[in-house]
There are 2 protein chains.
Amino acid sequence: MARPTIADIALRAGVSKGAVSFALNGRPGVSEATRERILRIAEQMAWRPHSAARALGASRVDSVGMVIARPARTLGVEPFFAHLLSGVQSGLSAESISLQLLIVEDTEAEIEMYKRWTSEHRVDGVILVDLTVRDPRIDELKALELPAVVIGGRGGKGQLPSVWADDRDAMLTIVEYLAALGHRRIAHVAGTPIFQHTQRRIRAVRDAAPRLGLLDAPSLTTDFSDAEGAATTRRLLAQADRPTAIVYDSDVMAVAGLGVAMEMGVSVPGDLSIVAFDDSILTQLMHPALTAMSRDTFDFGRQAAEVLLSVIANPATMINRRTADPVLTVRESTAPPA
Amino acid sequence: MARPTIADIALRAGVSKGAVSFALNGRPGVSEATRERILRIAEQMAWRPHSAARALGASRVDSVGMVIARPARTLGVEPFFAHLLSGVQSGLSAESISLQLLIVEDTEAEIEMYKRWTSEHRVDGVILVDLTVRDPRIDELKALELPAVVIGGRGGKGQLPSVWADDRDAMLTIVEYLAALGHRRIAHVAGTPIFQHTQRRIRAVRDAAPRLGLLDAPSLTTDFSDAEGAATTRRLLAQADRPTAIVYDSDVMAVAGLGVAMEMGVSVPGDLSIVAFDDSILTQLMHPALTAMSRDTFDFGRQAAEVLLSVIANPATMINRRTADPVLTVRESTAPPA
DNA sequence: TTCGGGAGCTATACCGGTTTATCAATCCCT
DNA sequence: AGGGATTGATAAACCGGTATAGCTCCCGAA
């Protein structure tokens, strides 16, 4: 017999469907002896719940969704998402909840997907990434009453539950480290200002500058691409009093920046120190290997999954969990200024 | 009213549930006039099918699965998967089929997942990647009668439907190009020999060597990691008659190899030409930028999705589709030997 | 002795669709 | 005009679970 149902088990155990359901779900209504007998038979027949049937009766589908709204081209270079994903999965697999992943072009398509998922009952909740300033997704999700957790954005009032790392603190660590080495001209090649984390990093640099006696600490925004990272670096290094250290908001831009420095005959770390805000194999492959801020992205994802599950269980909960702080991994690309 | 059901629509249209179902699915049984009326009402009420209910009645869940069995660490560096994924999705979204993605540690866990998906009716079919020699997954999937399509492995007899690119031809193109430049000592830093595509590439090099008058054309296997790529390169360059060109089976290894060359004072492309078998932003970020074999990975995924859908529709079909041939993108890392 | 109540189980409704058997009305053909 | 086929629709079964009302014992307290 292919794919036994609880009716088959009931028949074989000589009890009713209901009794089998009780036994399999560990709820009261059957004696311990009967429960064990049923469980043994179910095991023997290799029974597995039919996910659709369960989803129809109860109203959970044991599945959560995650939409990434980025052009595929810019995705995947950074190990960030891969690590995040496996972290999320490890958090979910404990409860054997499955993950639906979607890569779309823009936020509009992303929101459209949330609507569809909700109306078709395909997911119990979603995980949001790349939180922007005044993110339109937040209101939409609240309207849909779809449980959600935000990764990377600290939830303010009226926000969604979140899991976040302290970007501000991390950036301060970098800048203080560079200042301690003796750098006074530090530039920051930032990402897109629409992202909240970009804003927080820019603000951190600006706030720290006077305290550390920095002469100049400009934050220059880019679109996170290697091209703009390179172009910005070129501009910075062509200045009369060029910076002696540059902090990049991503590893890809840092690598592109390193390339520009080499091309312009600026030695790293001799004439220029480079720090990447985000670590990956990329930074380690370079010569010199790049000093970088590393986060435990896997754990990040795992925690997001945990929080989401508790939000699904109880939609009223509001959790804003702060994860382990990122640590600065010092490699060969930083040194005292000449 | 939240989430209207077909019963609501039936009530409003003054017809039976059955009639509504017929109308919504474009099957005969209702008149054109009634059908239009029902469709208009459904539209008005913003009706969407409840995926679980549909999956229970009919026996398809409009969802396909993809399991990637690799340690998360090695994943994500290569844009390969990200591009493949979005390609698969673009192929699926046309039919609004969703994708379940799973990253697991090993093949055993992967097979376990297929069993679970099958018994729980969570997916209609799966996409396989990283085909190995005598891959155990093939037999398992056949036993489960789960529709599947293999990416990257040409299906022999008794195999599964597949979508593949011509690795052999691509490798020949690279070797011939290097030979035409004048190289006679070409080394091949290959991946793991358990992968079928690795085998095909190794064989291609071996077969082409005598025809092209190569003095030496060793293929050295690695685990695809940057570490082994670097170590192997170091060994090759330390030899008495070291190769004048090295072909790497992945972009990451090629980058690592470039690092070793620089470190050992071997100039690229002056003393050594480097070719990466797989293109990405990584190769373009380097100085010199790496000559690489580029494939249309997005299209690869899209076609896999297409093939899978037709296999699901008709499980008897056996398609072995060959995708567009990869092309060699020549950049700055290749030149005639000194 | 009677009654209340809980434990253990059954029967059945239900979730939201799809599918099939059935039926009335109409049309066609001879 | 009568009989068979076709069209347009309905009612009901069904998919595989979950939830609930209700039934039967059996035990203990009044």
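Convention: sequence-line order gives letters A, B, ...; per-chain numbering from 1.
- Between the CG atom of A:L24 and the P atom of D:dG16 there is a distance of 15 Å, rounded to whole Å.
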Do any side-chain atoms of residues 302-312 of chain A form donor-acceptor pairs under 3.5 angstrom with protein atoms, and if so which ones, sequence neighbours left out?
from   : atom 1 : to     : atom 2 : distance (Å)
A:R302 : NE     : A:D299 : OD1    : 3.4
A:R302 : NH1    : A:E306 : OE2    : 2.8
A:R302 : NH2    : A:D299 : OD1    : 2.4
A:Q303 : OE1    : A:R321 : NH1    : 3.0
A:Q303 : NE2    : A:D299 : OD2    : 2.9
A:E306 : OE1    : A:R321 : NH1    : 3.1
A:S310 : OG     : A:V307 : O      : 2.9

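- Among D:dG17, C:dT18, C:dG17, the nucleotide with an atom closest to any side-chain atom of B:W47 is C:dG17.
- For the pair A:N25 CG and D:dG16 P, the computed distance is 17 Å after rounding to whole Å.
- Among residue pairs with one or both ends in residues 19-39 of chain A, those qualifying as salt bridge (charged side-chain N to carboxylate O under 4.0 Å, His left out) are A:E32-A:R35; sequence neighbours excluded.
- Residues passing the salt bridge (Lys or Arg N to Asp or Glu O under 4.0 Å) test with B:R137 are B:E110, B:D135, sequence neighbours excluded.
- Counting to the nearest Å, the C1' atom of D:dG17 and the CD1 atom of A:I9 are 11 Å from each other.
- Across the protein-nucleic acid pair, B:H50 atom NE2 and C:dC14 atom P stand 17 Å apart, rounded to whole Å.
- What separates CZ of A:R122 from C1' of C:dG17 is a distance of 14 Å, to the nearest Å.
- Residues satisfying the side chain to side chain donor-acceptor pair (under 3.5 Å) criterion with A:T323, sequence neighbours excluded, are absent altogether.
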Between the protein and nucleotides 23-25 of chain C, list every N/O to N/O distance that falls short of 3.5 Å.
none

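- Not a single salt bridge (Lys or Arg N to Asp or Glu O under 4.0 Å) links A:E43 to another residue, sequence neighbours left out.
- Ring orientation note: the planes of B:W117 and B:Y114 are tilted relative to one another, at an angle of 30° to 60°.
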Revision key, fill the gap. Under a 4.0 Å heavy-atom criterion, the protein footprint on nucleotides 8-14 of chain D, written with B, S and -, is SBB----
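- Shown here are the salt bridge (Lys or Arg N to Asp or Glu O under 4.0 Å) partners of A:R116, two or more places apart in sequence or in another chain: A:E120.
- Within the structure, a side-chain polar atom (N or O) of B:R27 is placed less than 4.0 Å from OP1 or OP2 of C:dT19.
- Here A:T34 pairs with A:S31 under the side chain to side chain donor-acceptor pair (under 3.5 Å) rule; sequence neighbours left out.
- Taking side-chain N and O atoms only, B:R54 has a distance below 4.0 Å to OP1 or OP2 of C:dT18.
- Smallest separation of non-hydrogen atoms from A:V67 and A:V129: O-CG2, 4.1 Å.
- Residues passing the salt bridge (Lys or Arg N to Asp or Glu O under 4.0 Å) test with A:D296, sequence neighbours excluded: none.
- The interatomic distance linking A:I6 (CD1) with D:dG16 (P) rounds to 10 Å, in whole Å.
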With a cut-off of 3.5 Å and sequence neighbours excluded, list every side-chain donor-acceptor pair involving residues 12-21 of chain A.
from  : atom 1 : to    : atom 2 : distance (Å)
A:R12 : NH2    : A:Q44 : OE1    : 3.2
A:S16 : OG     : A:A19 : N      : 3.3

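- For D:dG17, the OP1/OP2 oxygens have no side-chain nitrogen or oxygen of A:S21 closer than 4.0 Å.
- Note on the helix from C:dT1-D:dA30 to C:dT30-D:dA1: angle between the axes of the first and last five pairs equals 50°, rounded to 10 degrees.
- Nucleotide C:dC15 holds its P atom 12 Å from the NE2 atom of A:H121, rounded to whole Å.
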